[in-house]
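Have a look at the structure below before the remarks.
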Amino acid sequence: MEKKTKTSITVTVLIISLMLIFLQTIGAFYSKSFALFSYTSLIITNIFSSFLKFTSLNRVDENLQRAQIVSIILNSLTLSILALVITNKASISTNIQSPKIIYIYIAEVTTIIVSIGLIFCSFIDRQFIFIALLSLLMIFGFLTHIFERIISLDYYLSIFFTVLTVIQTTLLIKISLKILKNKKRYPVLSPKKT
């Protein structure tokens, strides 16, 4: 019974997180902010980490667990590359002389809604606390204009979130490889067919 409760809680966190990713991506697209895209990649990395915990909770086929862990590794690598591409695009838009318009109000409203969802998720899974606090940093950054050009703030936030994404995906890949190595070393004996 307790195992079913943990599984349903983890599934709830994954569903809420996926909805938050969808909302953040739409907000990033309409606000034209690269920082919001980079922040989305950080949320996705946390979801991969939650999914890794979820796969270790379930007692499913050993090959299925290995496939899930390998997919987490490959998707984490892809996400790191995508975050670097987003930062590169942000640097190009910063260097262009024509001013890029970022719709700050859309970015703020989207980030506030996502931060509320992340705070809710942090009550269930503690790893979302740090991401929720980072969303408050982004809201504060967009509210108070630290730089003369908002594009500079967008660029620096994009770099910050990209660095955090690369660090987090590196740690996630390291943990995933360690789990795979242990599974190869200590394989679970499959039950005999009767």
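You'll find the side chain of Thr110 stays beyond 4.5 Å of the side chain of Tyr30, heavy atoms only. Taking the side chain as every heavy atom from C-beta outward, Leu82 and Ser41 never approach each other to under 4.5 Å. Taking the side chain as every heavy atom from C-beta outward, Ser135 and Tyr39 approach each other to under 4.5 Å. At least one side-chain heavy atom of Ile159 sits less than 4.5 Å from a side-chain heavy atom of Tyr155. Taking 4.5 Å as the limit, some side-chain heavy atom of Phe128 sits within range of a side-chain heavy atom of Val13. Side-chain contact check for Phe48 versus Gln168: every heavy-atom pair is 4.5 Å or farther apart. Proximity of Ile21 to Ile44: side-chain heavy atoms (C-beta onward) are separated by under 4.5 Å at one or more points. The shortest distance between side-chain heavy atoms of Leu134 and Phe160 falls below 4.5 Å.
Here the OG-CD1 distance, from Ser176 to Ile73, works out to 4.5 Å after rounding to the nearest 0.5 Å. Note that CD1 of Ile26 is 12.0 Å distant from CG of Leu36, once rounded to the nearest 0.5 Å. Note that the CG atom of Leu172 and the OG atom of Ser49 stand 5.5 Å from one another [nearest 0.5 Å]. Here the CD1 atom belonging to Ile86 is positioned 6.5 Å from the CZ atom belonging to Phe37, to the nearest 0.5 angstrom. Atoms CD1 and OG1, from Ile72 and Thr45 in turn, are 11.5 Å apart once rounded to the nearest 0.5 Å. The CG atom of Leu20 sits 11.5 Å away from the CG atom of Asn46 when rounded to the nearest 0.5 Å.
Counting only N and O atoms by type, the side chains of Ser76 and Thr169 include no donor and acceptor under 3.5 Å apart.
The same ILVMFWY cluster, assembled from side-chain heavy atoms under 4.5 Å apart, contains both Leu23 and Ile16. Both Met138 and Val109 sit in one connected hydrophobic cluster of ILVMFWY residues. Membership requires side-chain heavy atoms under 4.5 Å apart, directly or through other members. Cluster membership for Ile139 and Tyr105, using ILVMFWY side-chain heavy atoms within less than 4.5 angstrom, is not shared.
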Taking it one step at a time, do Ile104 and Ser31 satisfy side-chain contact (heavy atoms from CB on, under 4.5 Å)? CA-CA 7 Å; Ile104 298 172; Ser31 68; over 6 Å; no
Take Thr165 and Ser38 through the side-chain contact (heavy atoms from CB on, under 4.5 Å) test and state the conclusion after the steps. CA-CA 8 Å; Thr165 301; Ser38 297; 5.9 Å; no
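Between Ile106 and Gly27, the shortest heavy-atom distance links the atoms CG2-O, 3.9 Å.
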For residues 111-119, which side-chain N or O atoms pair as donor and acceptor with protein atoms under 3.5 Å away, sequence neighbours left out?
residue	atom	partner	partner atom	Å
Thr111	OG1	Ala107	O	2.6
Ser115	OG	Thr111	O	3.2
Ser115	OG	Ile112	O	2.7

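With Leu42 as the fixed residue, the side chain to side chain contact (heavy atoms under 4.5 Å, CB included) test singles out one of Thr162, Leu79, Ile131, Ile167: Ile131.
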